[in-house]
Structures are given as structure tokens and as C-alpha cells.
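Below, all heavy atoms of this structure are taken into account, side chains as well, without hydrogens, waters or symmetry copies.
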Amino acid sequence: MALLPETRDRPAADRVWTRVAAAAAALLVVGAGLGLRSVATGSAAKYGGDALYTVLLLCLVVLVAPRVSPLRAAGTALAVSWMVEFLQLGPVPADLSRRSTFARLVLGSTFNPPDLLWYSVGAAAGWLLHTAVRSRARPARLRARERT
């Protein structure tokens, strides 16, 4: 049983590689977030973490839907980030955050309007990176198809 679909089924192979790249990118983003928290404090750590949170969500969107366009992936990640932030207007995230470190990392605890801006920065950065990666990968795929 082959790990990847046959080469003549390029779209399926492309989706596999896209998922692998998205998973690797997600791990890098988590590492960057942890690294940022270990070397920075205050606003730099908080707002940098907000932007990276949205980039991580974008990576997860691409992991689940590898054919998604960069704009749709960024928009989805931004919408989820904003939804989580607006959920913090109610008591549930704060309650869960007191009980669980994981919940605090994922949901936060208190609404902070500047977070919305930094989520947008993360979505824009993720969109730019996703667009650049796709535009570099597409010509390579086309060249490979021309050789076969």
C-alpha cells in the first residue's frame, strides 16, 4: 500500500503534501508562540501571541481543507478568532480558563478590543504567506506535469 496516491492522481498527491506542509507550519507556529512567550513580556508577547493564534487557525483550516484559497483560509481563521474573542464577553470562557490551562490558551478569559486588530494582523500575515507558498508551488507542479 503506497503512502501517497499514484502520481497520475496529482490533485490527491497535492492535497497530501499540502496537509503535511500545513501540519508542519502549525507546529512551527506553536513553537514560535512558545518562543515568543519565553523571550518577550507585556504587549509584545500578548499581541504577538494574538497574531500567531490566528496564523495557527489558518494552518488548521488548510490542514482540514487543503484546497481552500488563501483568502478564504485567512477569512475563516479571522472569523473564528473574533468569535472566540466575542465569546469572552460572557462568563463561560473565564470559568473554563480558571479550571484549565488548555482552555485559557484556546479561549482566553477576558474581552480585549485591541486583540481584534492583532487577529487581523495575523490573518493578513497568514494570507500573504499562504499566497506566496501557493504561487511558488504551482509553477513547480505545472513544470512536473509538462515533463510527464
Which heavy atom in Ser109 sits nearest to a heavy atom in Ala94, and how many Å separate them? O-CB, 3.6 Å

Sequence neighbours excluded, which residues qualify as side chain to side chain contact (heavy atoms under 4.5 Å, CB included) partners of Leu36? Ala40, Leu52

Is there any side-chain hydrogen bond (donor to acceptor under 3.5 Å, both in side chains) pair reaching into residues 31-43, and which pairs are they, with sequence neighbours excluded? none

If you group Ile, Leu, Val, Met, Phe, Trp and Tyr whenever their side-chain heavy atoms sit less than 4.5 Å apart, what else falls in with Val64? none

Which residues share a side-chain hydrogen bond (donor to acceptor under 3.5 Å, both in side chains) with Gln88, sequence neighbours left out: none

Students should find that the hydrophobic cluster of Leu87, defined by side-chain heavy atoms under 4.5 Å apart, otherwise consists of none

Rounded distance (nearest 0.5 Å) linking atom NE2 of His130 with atom OG of Ser69: 7.5 Å

Just list the side-chain donor-acceptor pairs under 3.5 Å for residues 72-86, sequence neighbours left out, or say none.
unit_1	atom_1	unit_2	atom_2	d
Thr76	OG1	Arg72	O	2.8
Ser81	OG	Thr54	OG1	2.8
Ser81	OG	Ala77	O	2.9
Trp82	NE1	Leu116	O	3.1
Glu85	OE1	Tyr119	OH	2.9
Glu85	OE2	Asn112	N	2.7

Residue set satisfying side chain to side chain contact (heavy atoms under 4.5 Å, CB included) with Leu96, at least two apart, ordered chain then number -> Val92, Ala103, Leu107

Flag yes if Trp17 and Leu63 sit in one hydrophobic cluster, no otherwise; membership is Ile, Leu, Val, Met, Phe, Trp, Tyr, and two members link when side-chain heavy atoms are under 4.5 Å apart. no

Is there a chain of hydrophobic side chains (I, L, V, M, F, W, Y, each step under 4.5 Å between heavy atoms) that links Val20 to Val62? no

Applying the 4.5 Å side-chain criterion to the ILVMFWY set and letting contacts propagate, would Val30 and Leu105 be lumped into a single cluster? no

With salt bridge (charged side-chain N to carboxylate O under 4.0 Å, His left out) as the rule and sequence neighbours excluded, what pairs involving residues 39-66 come up? Lys46-Asp50, Lys46-Asp115

Each residue besides Leu71 in its hydrophobic cluster should be listed here, by chain and number; the cluster joins Ile, Leu, Val, Met, Phe, Trp and Tyr at side-chain heavy-atom distances under 4.5 Å. Trp127, Leu128

Please round to the nearest 0.5 Å and tell me the distance separating atom CG of Leu56 and atom CG of Leu27. 9.0 Å

What's the separation between atom CZ in Arg134 and atom OG1 in Thr18, rounded to the nearest 0.5 Å? 8.0 Å

Heavy-atom nearest pair, Cys59 first then Ala22, reads O-CB, 3.6 Å

Backbone N or O of Ala132 within a donor-acceptor pair of the Ser135 side chain at under 3.5 Å? yes

Holding to ring-ring contact (aromatic ring centres under 6.0 Å, His included), I want the full list of residues that pass it with Trp118, two or more places apart in sequence or in another chain. Tyr47

dist Leu89:CG -> Thr110:OG1 (nearest 0.5 Å) comes out at 10.0 Å

Check side-chain hydrogen bond (donor to acceptor under 3.5 Å, both in side chains) between Asp95 and all other residues, then give those that pass, not counting sequence neighbours. Arg98

